[in-house]
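See below for the structure under consideration.
Every value quoted in this text rests on a predicted model; they were computed, and no experiment measured them.
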Amino acid sequence: QVQLVESGGGLVQPGGSLRLSCAASGSTLDYYAIGWFRQAPGKQREGVSCISTSNGNTYYADSVKGRFTISRDNAKNTVYLQMNSLKPEDTAVYYCAADPGFCEGSNYLRESRYDYWGQGTQVTVSS
């Protein structure tokens, strides 16, 4: 059983940056796909990015490509989402999720792929 806790959310101005963390416990994340998702008010949850903790393979949604970077620190059992050039439309609750396996493209930006979820952290981009 994997427990995930997100942190690092907050209020930031447009063009600013935030780094979200997803800390895992209950299992080492040696061979997992870790995904970041977000849900804005009144909208469906959407996949943002994923990473394979075994080999570092990554995948990004078009909406964040070039602005967001996902990374992992296996020694700390933590995955990060560095978010730069933030826009008001990035405002959402951000969730991380884990699934035994590998991040292999757009399929791993689907909620149904993931068994374990964190509680979410709010990101608000506003002036």
With rounding to the nearest 0.5 Å, note down the distance linking [atom1] in [X] to [atom2] in [Y].
X    : Y    : atom1 : atom2 : value
W36  : L109 : CH2   : CG    : 14.0 Å
Y60  : C103 : OH    : SG    : 9.0 Å
C22  : I34  : SG    : CD1   : 5.5 Å
S27  : L4   : OG    : CG    : 10.0 Å
S112 : N107 : OG    : CG    : 8.0 Å
Q119 : Y95  : CD    : OH    : 9.0 Å

Practice problem: Evaluate side-chain hydrogen bond (donor to acceptor under 3.5 Å, both in side chains) for D73 paired with T78, printing each intermediate quantity in order. | Solution: CA-CA 5 Å; D73 185 335; T78 300; over 6 Å; no
Is there a donor-acceptor pair closer than 3.5 Å between any side-chain N or O of [X] and the backbone N or O of [Y]?
X    : Y   : answer
S127 : Q13 : no
T121 : G9  : yes
T124 : T91 : no
D115 : D99 : no
E46  : R38 : no
E6   : C96 : yes

Over all heavy atoms of both residues, which pair between [X] and [Y] is shortest? Give the atoms and the distance, please.
X    : Y    : value
L18  : G8   : CD2-O, 3.8 Å
S49  : L81  : CB-CD1, 4.3 Å
S54  : Y31  : CB-CD2, 3.5 Å
S126 : P14  : C-CD, 3.6 Å
A33  : Y108 : CB-CD2, 3.8 Å
Y32  : P100 : CD2-N, 3.5 Å

Exercise. Begin from the C-alpha positions of N84 and S17 and carry the test side-chain contact (heavy atoms from CB on, under 4.5 Å) through to its verdict.
Key: CA-CA 4 Å; N84 298 330; S17 298; 2.9 Å; yes
Exercise. Could you give me the CA-CA distance, side-chain angles and deciding distance for I70 and V79, then say whether side-chain contact (heavy atoms from CB on, under 4.5 Å) is met?
Key: CA-CA 7 Å; I70 192 170; V79 169; 3.9 Å; yes
Quiz item: Any link between V93 and W117 through a network of hydrophobic side chains (Ile, Leu, Val, Met, Phe, Trp, Tyr) touching at under 4.5 Å?
Solution: yes
Self-check item: Step-by-step side-chain contact (heavy atoms from CB on, under 4.5 Å) determination, I51 to N57
Solution: CA-CA 5 Å; I51 188 167; N57 279 354; over 6 Å; no
Exercise. Might you confirm whether atom NZ of K43 has over 12 heavy atoms from other residues, nucleotides or ligands at distances under 6.0 Å?
Key: no
Practice problem: Take atom CD of E89 as the centre, draw a 6.0 Å sphere, and report whether it contains more than 12 heavy atoms from other residues, nucleotides or ligands. | Solution: yes
Practice problem: Using the six-membered ring of Y80, assess whether NZ or CZ of R72 lies under 6.0 Å from its centre and within 45 degrees of the ring axis. | Solution: no
Practice problem: List the steps and the verdict of side-chain contact (heavy atoms from CB on, under 4.5 Å) for Q82 and S71. | Solution: CA-CA 8 Å; Q82 178 67 42; S71 62; over 6 Å; no
Quiz item: Name the one of V12, V64, T69, V123 that satisfies side-chain contact (heavy atoms from CB on, under 4.5 Å) with M83?
Solution: V123
Quiz item: Would you call K87 and D90 a salt bridge, taking side-chain N to carboxylate O under 4.0 Å as the test?
Solution: no
Quiz item: Y94 vs F68 aromatic rings, parallel, tilted or perpendicular, using cut-offs 30° and 60°?
Solution: tilted
Quiz item: With ring centroids as reference points, do F37 and Y114 lie under 6.0 angstrom apart?
Solution: yes
